[in-house]
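A note on names: the letters A, B, ... follow the listed sequences, proteins ahead of strands, and every chain is numbered from 1. Because the structure is a prediction, the values reported are computed rather than measured.
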Amino acid sequence: MAKTLIEVENLSASYRKNTVLHNVNFEVKPGTLTGIVGPNGAGKSTLIKTMLNLHPALTGKVSFFGLPFPKVKKRIGYVPQRGSVDWDFPTDALDVVTMGLYGQIGWLKKTKEKHRKQALSALEKMGMKDYADRQISQLSGGQQQRVFLARALVQNADIYFMDEPLAGVDAATEQAIMTILKELKSIGKTVMVVHHDLQTVENYFDHVLLLNRTVLHHGKTERVFTKENVADAYGGNMRWMGGERQYELHSFK
Amino acid sequence: MSSILLNSNTQWVLVSTMILGIAAGIIGCLAYWKRQNLMSDALSHAALPGVVVAFLLFAEKNLLVLIVGAGISALVGAFLIQWITNASRISEDSAMGMILAVFYGFGIMLLTIANRSPGGNQSGLDSFIYGQAASMVKSDVITMLILALLVILVVLVGYKEWKIYLFDQEFAKGIGLSIKGMNAFYTIVLVTTIVIGIQAVGVILMAAMLIIPAVSARYWTQSFLVMILLSALFGGISGAVGTLISALGSGLPTGPFIVVVAASIFAFSLVFGKQKGLFINYIQYRLHQKRVRNGMQMKAEGAK
């Protein structure tokens, strides 16, 4: 069995006095594609941010390749939520993708032609080559998400964290993104994705982490993603609808 | 007019207000995308007490000493704004409004005291309120020039870093850029620009030098680099032309004239700007409307 790649021990985090994550423990093996699933406010984004030192951890320890985050940050790619940046910023798609290379280029050094080419090929991979010099404010939501993904691709990281890359994108973009995620997995990269749509979990991910302030269930999708476990994560307030993958959520007390 | 231009002191002053305009235009772009335009206003007002305290302590009007005083006072203001925002439920804009008013009021109070002190009347400290570029001497000008060039250099050398810092802080942090370091750099260049500008433009109107060129430049480009360069150009023109006009009369304050020139550039950009200027917007809308109408007409005729 492959050895552990990501190890999270006893992690907790809070916003002011509200503890949103508490006693989170899990391990991730290399070459897996994990969906982080849970209701709103379950701390999915916070989990990623805390693991990446973007949010302070109250307690606990996170290690990648057996090392703490600062030592391995160049090997980790992060795709934030699309809404986290100002898309009115005056720049084009190619420039945003090039930002993914800033770590490799080195601080205070100039971007060279080969970096532009690298960025362009990442855009091409996302089917966005024709939009390279398009203003980012003039891209649709799906296109913006593809640009973000292309920016993560050029980082050529070993581990990727993505915060709801499929939120609010059309079917074509969703397919394009999933193709890339599966490709990343097939070449041995490890990917963790915050995901919202319960209906597609089984098709998209080989591992699932059910989260609601703490890890409720984690493991291979076919074993973990069961009716009972999902109901567990969503507080039991859900009804299994007719077909195999139909869920409906109710929020009564 | 020509005699004014030939006067070597006026030439020096012109060069310094122009460089100041360029520096303020560049830093203004950073403040614009950090969405902190009001911050520059708060900090320039917060610089006033420092100027007066430095004067009272050293009893001489040496620009470097006054600038250091202004810088400390503005940094204290910046720190207080941050502290109030983090530690209390008061929002950032309220904190900035409070610091602006309190520091400025305190500064004016100290100024009154300074003016009553022996020799205070001739101090010329009043020029720090509305700005009096003509009162600057060569050593002041050299101090200003060096600091302004330093600020410009800091932004141009780290252009790539500033861009990612302003566009996507979380991602920047993820790939190893120190956001705390960048925040510190940002505050330092902002405060430096403000304090070197207050003698020429005055604490009240200094913010205009930072805000107006940047928003004017926004109307002409969709590239961050071009925006910075244009903003620098607009700032430089405003500084030079405003100083020139104020030099034509004796004792005219510089700040208001610089602002008027900057505002004229803005008004022109607002109407004729290539990017969503009012006039261009209107023309584009009408042209498009015509095209759509023609298209519908042709369809209707084709259906007949």
### Task
Could you tell me which residues in residues 35-65 of chain A have at least one non-hydrogen atom under 4.5 Å from a non-hydrogen atom of chain B, sorted by residue number?
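Listed by number: A:Lys49, A:Asn53, A:Leu54.
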### Query
What residue, out of A:Asp95, A:Val79, A:Ile76, has the most heavy-atom pairs lying under 4.5 Å from chain B?
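The candidate making the most pairs under 4.5 Å is A:Asp95.
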### Message
Less than 4.5 Å to any heavy atom of chain B: does that hold for the side chain of A:Phe148, its backbone, both, or neither?
### Response
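Side chain only.
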### Message
Please check if the number of heavy atoms outside B:Tyr282 that lie under 6.0 Å from its OH is greater than 12.
### Response
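Not more than 12 within 6.0 Å, no.
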### Query
When heavy-atom pairs shorter than 4.5 Å are enumerated against chain B, which of A:Lys109, A:Arg151, A:Met99 gives the highest number?
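Answer, by heavy-atom pair count under 4.5 Å with chain B: A:Arg151.
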### Query
Among B:Tyr32, B:Trp162, B:Trp33, whose ring-ring contact (aromatic ring centres under 6.0 Å, His included) with A:Phe89 holds?
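Of B:Tyr32, B:Trp162, B:Trp33, ring-ring contact (aromatic ring centres under 6.0 Å, His included) with A:Phe89 is met by B:Trp33 alone.
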### Message
Is it the case that atom CH2 in B:Trp83 sees more than 12 heavy atoms from other parts of the structure closer than 6.0 Å?
### Response
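Atom CH2 in B:Trp83 is not packed in, count stays at 12 or less.
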### Query
Is the shortest side-chain N to carboxylate O distance from A:Asp88 to B:Arg218 below 4.0 Å?
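Judged by the 4.0 Å cut-off on N to carboxylate O distance, A:Asp88 and B:Arg218 do form a salt bridge.
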### Message
Is A:Gln104 close to chain B through its backbone or its side chain, or both, or neither, when contacts mean heavy atoms under 4.5 Å?
### Response
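Answer is neither: A:Gln104 stays 4.5 Å or more from chain B.
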### Task
Count the heavy atoms belonging to other residues, nucleotides or ligands that lie under 6.0 Å from NZ of A:Lys182, then report whether that count exceeds 12.
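More than 12 within 6.0 Å, yes.
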### Query
Is it the side chain or the backbone of A:Ile136 that comes within 4.5 Å of chain B heavy atoms, both, or neither?
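The answer is the side chain of A:Ile136.
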### Query
Only one of A:Thr98, A:Thr111, A:Leu108 forms a side-chain contact (heavy atoms from CB on, under 4.5 Å) with B:Lys160, so which one is it?
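That would be A:Thr111; it is the only one of A:Thr98, A:Thr111, A:Leu108 passing the side-chain contact (heavy atoms from CB on, under 4.5 Å) with B:Lys160.
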### Message
Heavy atom to heavy atom, less than 4.5 Å: which residues from residues 170-193 of chain B reach chain A?
### Response
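B:Glu170, B:Phe171, B:Lys173, B:Gly174, B:Ile175, B:Gly176, B:Leu177, listed by number.
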### Message
Counting neighbours of CD on A:Glu27 that are heavy atoms of other residues, nucleotides or ligands and sit closer than 6.0 Å, is the number greater than 12?
### Response
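Enclosed.
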### Query
Around A:Tyr15, counting heavy atoms of other residues, nucleotides and ligands shown, do more than 12 lie under 6.0 Å from its OH?
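More than 12 within 6.0 Å, yes.
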### Query
Out of curiosity, B:Gln222 CD to A:Ser137 OG, how far, rounded to the nearest 0.5 Å?
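With rounding to 0.5 Å, CD (B:Gln222) is 5.0 Å from OG (A:Ser137).
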#### Entry: N-O pairing of B:Lys34 and A:Asp86 below 4.0 Å
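Not counted as a salt bridge, because no side-chain N and carboxylate O are separated by less than 4.0 Å.
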### Message
Do B:Thr221 and A:Pro90 have side chains that approach each other closer than 4.5 Å (heavy atoms only, starting at C-beta)?
### Response
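No, too far: nothing below the 4.5 Å cut-off.
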### Query
Side chain, backbone, both or neither: which part of A:Val96 has an atom under 4.5 Å from a heavy atom of chain B?
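When you check distances to chain B, only side chain atoms of A:Val96 fall under 4.5 Å.
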### Query
For B:Arg286, does the CZ atom sit with more than 12 other heavy atoms under 6.0 Å from it, leaving out its own atoms?
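Not buried by this count: 12 neighbours or fewer within 6.0 Å.
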### Query
Does atom OH of A:Tyr131 have more than 12 heavy-atom neighbours from other groups under 6.0 Å away?
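No, not enclosed.
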### Message
Need one label for A:Lys73: side chain, backbone, both or neither, based on atoms under 4.5 Å from any heavy atom in chain B.
### Response
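A:Lys73 touches chain B through backbone and side-chain heavy atoms alike.
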### Task
Indicate yes or no: at least one non-hydrogen side-chain atom of B:Ile164 is less than 4.5 angstrom from one of A:Tyr102.
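Side-chain contact under 4.5 Å: yes.
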